[in-house]
A.B. asks: 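Mind looking over this structure? Questions follow.
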Amino acid sequence: MNIPTNFIFMLFGFFWLISPVIAVKKSYIVLLGSHSHGLEVSAVDLQRAVDSHHKLLGSFLGSSGKAKDAIFYSYKNHINGFAAILEEEEATKLAKHPEVAAVLPNKAKELHTTHSWESMHLEKNDVIPSSSPWRKARFGEDVIIANLDSGVWPESKSFGEQGIVGGVPSRWKGGCMDKTPDGVPCNRKLIGAKYFNQGALAYLKSQNLMEELPLIVNSTRDYKGHGSHTLSTAGGSYVSNVSVFGSGIGTAKGGSPKARVAAYKVCWPLPNIGGCFDADVAEAFDHAIHDGVDVLSLSIGSPPAEYYDDIIAIGSFHALKKGIPVVCSAGNSGPSMATASNIAPWILTVGASTLDREFQAPIELGNGQRFTGSSLSNPLAGRKLYPLITGAQAKATTAFAQDSILCKPETLDHSKVKGKILVCLRGGSSRIDKGMQALLAGAVGMILCNDRLSGFEIMADLHVLPTSHINYNDGQAVFSYIYSTKNPMGYLIPPSSKVNTKPSPTMAAFSSRGPNIVSPEIIKPDVTAPGVNIIAAFSGAVSPTGEPFDNRAVPYITMSGTSMSCPHVSGIVGLLKALHPEWSPAAIKSAIMTSARVSDNTMNLMLDGGSPIFAPATPFVYGSGHIRPTGAIDPGLVYDLSPNDYLEFLCASGYTEKNLRVFTDGNFKCPVSGSILNFNYPSIGVQNLTGSVTVSRRLKNVGMPGVYRVRVQQPEGVKVSVKPNVLKFEKIGEEKGFELTMTGAVAEGQIGYGTLIWTDDKHFVRSPIVVSSSFF
Ligand SMILES: *[C@@H]1O[C@H](CO)[C@@H](O)[C@H](O)[C@H]1NC(C)=O
Ligand SMILES: *[C@@H]1O[C@H](CO)[C@@H](O)[C@H](O)[C@H]1NC(C)=O
Ligand SMILES: *[C@@H]1O[C@H](CO)[C@@H](O)[C@H](O)[C@H]1NC(C)=O
């Protein structure tokens with residue numbers, strides 16, 4: 001308040017004067033394409049790669065020695081390039097060197113969780129419907145699933161060896177690098193754990209954020225719970241009797257419960273910056289591919305960017321070339337349109353939807369009235385009624401009644417609250433903090449009542465004391481009971497989960513949406529999976545609310561976000577890898593997309609929680625639909641693609657060979673002609689339809705011989721014809737092409753939605769069709 005403004009100007013003036021003298025150094029990622037190492041990479045090859053990086057940068061900086069000092073990563077296995085501290089001018093010059101494909105700044109990405117204490121009632125825990133895909137795919141036995149995330153909590157039972165038969169697969173080259181006494185040890189389940197922090201350190205040093213440096217430790221431990229949660233969702237072992245404060249009791253397990261798992265830690269506790277640096281992400285990709293992972297799961301991202309500027313797109317392409325499918329979260333920037341990230345066509349991009357379970361926490365009043373609330377908290381001690389008191393009745397003499405009724409800090413008379421259930425009105429402070437105030441005042445429990453504005457929206461929060469959150473109408477009844485009764489009493493019935501709630505699934509409001517801002521003809525996200533209130537493993541290093549006053553530790557917790565839906569899909573990809581090890585990443589992706597469903601458990605189209613009128617969702621929200629593992633393991637037909645097909649698609653989209661250098665070894669040439677319409681993607685998007693457009697596709701038989709007939713649901717105003725309309729497959733692996741012609745026009749500014757299905761009456765190979773007059 002009293003800082004003289006001219007003092008501030010003085011400070012700025014001082015820096016202004018000296019700043020031109022200091023050459024600003026920043027960290028950059030210099031990409032040279034891919035290595036052309038053979039299958040067996042020798043130590044000599046790797047050293048040669050490192051030396052070539054020193055030599056290249058040395059030619060700019062004056063000596064190999066200077067280059068060695070500047071470089072903090074040499075990407076030497078698959079991705080060819082290095083990360084280094086450079087002056088801006090040096091980076092600009094380097095970008096023009098003929099061997100250099102791109103020079104990218106070392107930027108931060110963030111984790112894709114919303115701690116959706118906001119995001120309500122519907123709950124989901126174990127996702128996978130039928131046990132049969134598990135049995136057929138041997139529970140993902142020996143498939144290696146890895147994530148790039150915030151590390152891992154090795155003591156979690158989800159990373160225990162129960163159910164794991166046999167030693168670590170002999171092809172595995174990874175391991176646990178964190179050998180300190182408090183480090184992350186490997187076992188036969190958790191077979192890899194590595195941390196990558198040079199990019200984070202380089203960034204902090206270049207920004208002179210020295211006070212943050214101690215946050216970047218040499219440890220693979222999960223500082224946040226996010227990495228343990230996502231890894232256990234994808235490939236966690238069976239753990240029986242798991243619950244969150246007694247709710248949702250069940251067996252926790254990943255999508256591939258017998259998979260081996262590996263954690264590549266790339267995120268650090270830098271909440272205001274983002275925390276997951278591109279230079280570290282690139283190094284983690286290079287290691288994971290080399291180590292021999294089978295599936296990569298990334299629940300991190302940044303706003304969408306051109307693929308050659310996007311380290312996740314680049315790393316994923318290098319993984320694709322080695323046959324490794326990469327699954328990514330779409331982001332939590334919904335319900336705004338065009339927000340989806342991780343949208344490269346070779347990435348399996350996942351949105352988030354609800355499951356069919358609520359955490360109910362009913363209350364009973366002394367007069368026998370009962371109300372259904374929601375909560376995730378410990379049950380009240382003892383089966384007896386407790387006195388009720390409202391925040392207003394418990395007002396401290398120094399407080400205002402309008403603050404006490406909201407149970408704000410320092411507004412309650414502790415002597416009045418002690419031993420009672422405190423009734424608080426919503427608003428003015430956080431829901432969790434009201435519980436904290438109740439606890440501090442000595443309450444045994446809390447009833448949190450909605451105000452008029454919050455109406456019917458009640459949430460399963462992780463309260464610090466036994467709590468029930470009730471809606472506005474019920475809250476009014478509680479208040480009138482208390483104010484009309486001499487000794488009002490109440491009881492909190494222990495929280496329990498209710499399954500089979502309807503409608504479900506519905507699309508989460510926060511789930512990021514298409515269209516794809518880089519390739520509008522590629523519909524993104526690709527699929528949706530459960531991502532609201534998902535129960536999975538947590539870290540012992542943090543409390544469930546992350547609030548400073550909360551010092552509880554929980555082994556399992558609910559979290560929400562596309563961060564949580566992504567590893568569900570990664571787990572299913574693990575099953576497909578176990579069952580069909582010879583399938584390409586594109587075939588696996590096609591199987592998951594074409595078997596997805598778009599209806600909910602009321603047999604209507606899935607609804608959009610981000611729509612103010614709860615309207616049906618569209619392919620720009622759910623892509624091809626909600627994953628259906630039973631269908632994915634036996635899709636009948638797939639739309640397959642090779643790495644070169646993706647590159648040719650990029651050529652047809654206008655990328656130059658120079659743009660493509662970040663993905664290739666430099667020998668790739670764009671074909672003279674090519675059309676984005678013939679790119680064999682498992683969904684069909686057409687922009688600016690006027691007159692008539694024909695797209696071609698190829699289907700590969702991966703099931704029994706069979707005759708498939710076409711069924712089409714036409715977008716409004718568009719006539720669709722398919723030639724031929726019958727495809728006869730006589731053997732496995734056989735490929736047949738077809739052409740789909742659309743004639744007509746969608747009204748100006750409108751989008752038309754249709755469906756293409758190939759069926760032999762047993763399999764339904766479904767693709768959404770999206771036709772626009774113009775996307776923007
Ligand atoms: C972390 O590891 C790096 C590289 O191995 C080392 O230089 C550094 O001193 C270590 N930091 C700490 C705090 O031990
Ligand atoms: C399940 O867990 C609860 C509390 O976490 C414990 O009280 C109970 O004994 C456990 N049941 C079994 C069968 O392990
Ligand atoms: C579609 O129209 C938009 C805007 O009019 C234009 O920017 C875009 O390039 C067009 N796309 C195609 C595939 O013609």
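Whatever order the structure lists ligands and atoms in, that order sets their numbers, starting from 1. Computed from a predicted model, the values in this text were never measured in an experiment. We're numbering straight along the sequence, starting at 1.
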A.B. asks: Please output the side-chain donor-acceptor pairs of residues 185-192 that fall under 3.5 Å, not counting sequence neighbours, one pair per line with the distance.
C.D. replies:
| unit_1 | atom_1 | unit_2 | atom_2 | d |
| --- | --- | --- | --- | --- |
| Asn187 | OD1 | Lys189 | N | 2.7 |
| Asn187 | OD1 | Leu190 | N | 2.6 |
| Asn187 | ND2 | Phe159 | O | 2.9 |
| Arg188 | NH1 | Ile164 | O | 3.1 |
| Arg188 | NH1 | Gly166 | O | 3.0 |
| Arg188 | NH2 | Glu161 | OE1 | 3.4 |
| Lys189 | NZ | Gly235 | O | 2.6 |
| Lys189 | NZ | Pro257 | O | 2.8 |
| Lys189 | NZ | Ala259 | O | 2.6 |

A.B. asks: Restricting to non-hydrogen atoms, name the atom on Pro325 and the atom on Val573 that form the minimum distance, rounded to 0.1 Å.
C.D. replies: CG-CG1, 3.7 Å
A.B. asks: Show me the short polar-atom pairs for ligand 1: any N or O of it lying under 3.5 Å from a protein N or O, with distances only.
C.D. replies:
| unit_1 | atom_1 | unit_2 | atom_2 | d |
| --- | --- | --- | --- | --- |
| ligand 1 | 2 (O) | Asn218 | OD1 | 3.3 |
| ligand 1 | 2 (O) | Asn218 | ND2 | 2.4 |
| ligand 1 | 11 (N) | Asn218 | ND2 | 2.8 |
| ligand 1 | 14 (O) | Asn218 | ND2 | 3.4 |

A.B. asks: With respect to Val281, which candidate in Ile29, Asn106, Val266 satisfies the side-chain contact (heavy atoms from CB on, under 4.5 Å) definition?
C.D. replies: Val266
A.B. asks: Pairs in or reaching into residues 49-64: which pass side chain to side chain donor-acceptor pair (under 3.5 Å), with residues at least two apart or in two chains?
C.D. replies: Gln47-Asp51, His53-Ser74, His53-Asn80
A.B. asks: Taking only residues two or more places apart in sequence, or in another chain, which ones meet Cys328 in a disulfide bond (SG atoms under 2.5 Å apart)?
C.D. replies: none
A.B. asks: For the residue pair Phe663 and Trp346, categorise the inter-ring angle as parallel (less than 30°), tilted (30 to 60°) or perpendicular (more than 60°).
C.D. replies: perpendicular
